[in-house]
Amino acid sequence: NPRYALSLLAKGDVKCQRSMSLAVKDMAAVARFHLARARESSGMMEEGTSPAAISCLLPALASETFLNRLERADCDLTNEILGNVGFVEHGMCVLRMVIARVRKTY
């Protein structure tokens, strides 16, 4: 079960930690692929598409911010980088969303 796997990570089981890291890396790659595909699709939406419909892609920017942090942590779920989100990072994420909304680019 996931709780057991994470408890092994916390105890320093190197084999489990490496396997978990590889699985997380694979999931992050799939997530990035889908984000890129959504961006490509948003550019192909018809002229009459509601801005509200397109703006539903804004939360993807927050997801991308987390994926970037995950990469910096080398996909290690026990890394402190993942748990410590600072005010500046929150602000930068919000700023990216505001800019994307104004430019209508996601």
Side-chain angles (χ1 to χ4, degrees):
N1 82 30
R3 184 176 292 165
Y4 176 72
L6 289 174
S7 70
L8 288 178
L9 286 175
K11 291 180 182 177
D13 183 329
V14 177
K15 183 178 177 183
C16 180
Q17 189 172 12
R18 183 71 189 140
S19 296
M20 184 71 78
S21 179
L22 290 173
V24 170
K25 191 174 283 191
D26 287 346
M27 287 186 277
V30 170
R32 282 205 187 272
F33 170 78
H34 286 292
L35 285 172
R37 236 174 107 189
R39 282 196 178 104
E40 290 170 11
S41 297
S42 72
M44 292 183 239
M45 291 185 179
E46 296 179 18
E47 286 274 328
T49 304
S50 162
I54 297 172
S55 68
C56 72
L57 296 172
L58 280 174
L61 294 172
S63 299
E64 188 173 46
T65 300
F66 181 76
L67 288 172
N68 293 340
R69 290 172 74 228
L70 198 55
E71 270 184 12
R72 283 195 311 269
D74 198 29
C75 296
D76 177 10
L77 295 178
T78 62
N79 193 309
E80 291 178 6
I81 291 172
L82 298 177
N84 300 329
V85 182
F87 180 74
V88 173
E89 190 171 4
H90 278 290
M92 292 300 293
C93 186
V94 169
L95 182 62
R96 283 184 67 207
M97 284 193 234
V98 169
I99 290 171
R101 177 71 173 122
V102 169
R103 291 183 179 170
K104 296 182 180 158
T105 57
Y106 308 102

Query - In one Ile/Leu/Val/Met/Phe/Trp/Tyr side-chain cluster, 4.5 Å: Met27, Leu35 - result: yes
Requested in this report: Hey, could you give me the NE2/CZ distance between His34 and Arg37, rounded to the nearest 0.5 Å?
Outcome: 6.5 Å
Query - Minimum side-chain heavy-atom gap Leu77-Leu70 below 4.5 Å - result: yes
**Report entry** Side-chain touch Glu71/Lys25, heavy atoms, less than 4.5 angstrom
**Finding:** no
Query raised in the report: How many angstroms lie between atom OG1 of Thr65 and atom NE2 of His90, to the nearest 0.5 angstrom?
Result: 10.0 Å
Report task. Give the minimum heavy-atom separation between Cys93 and Ala62, together with the two atoms involved. Result -> SG-CA, 3.6 Å
Report summary line: Closest heavy-atom pair, Asp76 versus Ser21, reported as atoms and distance to 0.1 Å, is N-OG, 4.4 Å
Query raised in the report: Of the non-hydrogen atoms in Leu58 and Met97, which two are nearest, and what is the gap between them?
Result: CD2-O, 3.5 Å
Report summary line: So CE of Met92 and CG of Asn68: to nearest 0.5 Å the spacing works out to 11.5 Å
